[in-house]
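Letters go in sequence order (proteins before strands), and every chain restarts at 1.
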Protein chains: 2
Amino acid sequence: MKLSRKSDYALRALFTLVENYGRGPISIREIAERNDIPRRFLEQIMLDMKSRKWVESIAGRDGGFILAKSPDEITMGQVVRHFDGILAPISCVSTSHYEPCSQEGVCRFRRVLLDIRNYVSRLMDDATLSRVFTGAIVRREEVFSPDMVYGEGI
Amino acid sequence: MKLSRKSDYALRALFTLVENYGRGPISIREIAERNDIPRRFLEQIMLDMKSRKWVESIAGRDGGFILAKSPDEITMGQVVRHFDGILAPISCVSTSHYEPCSQEGVCRFRRVLLDIRNYVSRLMDDATLSRVFTGAIVRREEVFSPDMVYGEGI
DNA sequence: TATAATCACGACCAACTTGATCGGGATTCA
DNA sequence: TGAATCCCGATCAAGTTGGTCGTGATTATA
């Protein structure tokens, strides 16, 4: 999974709305400023998220956006899948965007990619906005040392 | 991590060479046919891998390619990093391709992406060609049910 | 009711990446 | 000599990314 700017910006915006949950709308301009996002680009993204029913807009002066549902009803998985289309590292191990591959029966490394898919999928679908916001989504790898680095660097 | 065709093809070719390890060279044409890879495209990739000292070439008629080192001295991590540049889902959690981000101090979801980075990095750097070839790289997620699917699909 | 701030919508676009193809040269074996 | 191979650089079409821009429509407030 490679996170696009769009997913990145969408998540930044959503967490800003989570932070303000129950306290009225925030304008695109303010979200953009607080999160260092190009304003006109964020416009697109917010409208997109509105059509997905993740946010609601209030038009006119003093208008802006609020979350359309509770922060534990939206997951990072949903957001990234919407904007980036696929979480799996390759489509032959994707269920939502599966495409057949002539080598599937003999491929030696498919298994490794499948493992990555499973891990990423599980993690992202567990990651509701509220859990991530409160830091409740810490996993095995981070229990011992938060800044632990594996392998040669990534 | 999104696996590019180049990485994919490179890995297919390498595992073909592993299969034939110690039994003479295989031509690009044959590797291409056996793995369903465009021949002229594979040429580039093999030359690239030659410069990385992963494979050696034998020129002239009956020539071809062989592995330049033992299958347990090459990892999937090295290959994917070479062709795709970055394993991490976003550069702010990459060590090899780190780029600063204005939101780093306040970002709510960086932690989740860091977790993915750690998992992928560890898995890929453990994945030597020989271990993957023999199937010795099965991990937690796959111990119980090989085709287990998590979340909404990926 | 004028005005300023906001959301809404669609068109446009430059730069980059991906996934190749192509022509022709150098090397080697039979 | 010729056939099969590796070698090298140029080129390129299509799609994706990451935006910008102009212009309406809506609404609170002075």
Whole angstrom is fine here: how far is it from [atom1] in [X] over to [atom2] in [N]?
X: B:Phe65; N: D:dC7; atom1: CZ; atom2: C1'; value: 9 Å
X: B:Leu42; N: C:dT21; atom1: CG; atom2: P; value: 11 Å
X: A:Asp84; N: D:dT16; atom1: CG; atom2: P; value: 13 Å
X: B:Glu33; N: D:dA4; atom1: CD; atom2: P; value: 13 Å
X: B:Phe83; N: C:dG19; atom1: CZ; atom2: P; value: 12 Å
X: B:Asp48; N: C:dG19; atom1: CG; atom2: P; value: 14 Å
X: B:Leu47; N: D:dT5; atom1: CG; atom2: P; value: 15 Å
X: A:Arg40; N: C:dA8; atom1: CZ; atom2: P; value: 13 Å

note = Closest heavy-atom pair, A:Ser121 versus A:Leu87, reported as atoms and distance to 0.1 Å, is CA-CD2, 4.3 Å
request  = State, to 0.1 Å, how close B:Cys92 and B:Glu104 come at their nearest heavy-atom pair, and which atoms those are.
outcome  = CB-OE1, 4.1 Å
query = Toward the 5' end of DNA chain C, which comes first, A:Ser57 or A:Gln44, by nearest nucleotide?
reply = A:Ser57
request  = By nearest nucleotide on DNA chain C, pick out whichever of A:Glu43 and A:Gly60 is the more 5' one.
outcome  = A:Gly60
Backbone of B:Gln44 reached by a side-chain donor or acceptor of B:Asp48 within 3.5 Å = no
Quick one: is [N] close enough that its OP1 or OP2 comes under 4.0 Å of any side-chain N or O from [X]?
X: A:Tyr9; N: D:dG19; answer: yes
X: A:Lys6; N: D:dT17; answer: no
X: B:Arg29; N: D:dA4; answer: no

What's the closest nucleotide to the [X] side chain, out of [options]?
X: B:Arg61; options: D:dA3, D:dT29, C:dA20; answer: D:dA3
X: A:Phe41; options: D:dG19, D:dC6, D:dT26; answer: D:dG19
X: B:Ser4; options: C:dG19, D:dG19, C:dA20; answer: C:dG19

query = Could B:Asp115 and B:Arg111 be called an ion pair, given the rule that one side-chain N must be under 4.0 Å from one carboxylate O?
reply = no
ask   = On DNA chain D, nearest-nucleotide positions of A:Ile58 versus A:Arg39: which is more 5'?
value = A:Arg39
query = Among B:Val55, B:Val132, B:Ile45, which one satisfies side-chain contact (heavy atoms from CB on, under 4.5 Å) with B:Leu14?
reply = B:Val55
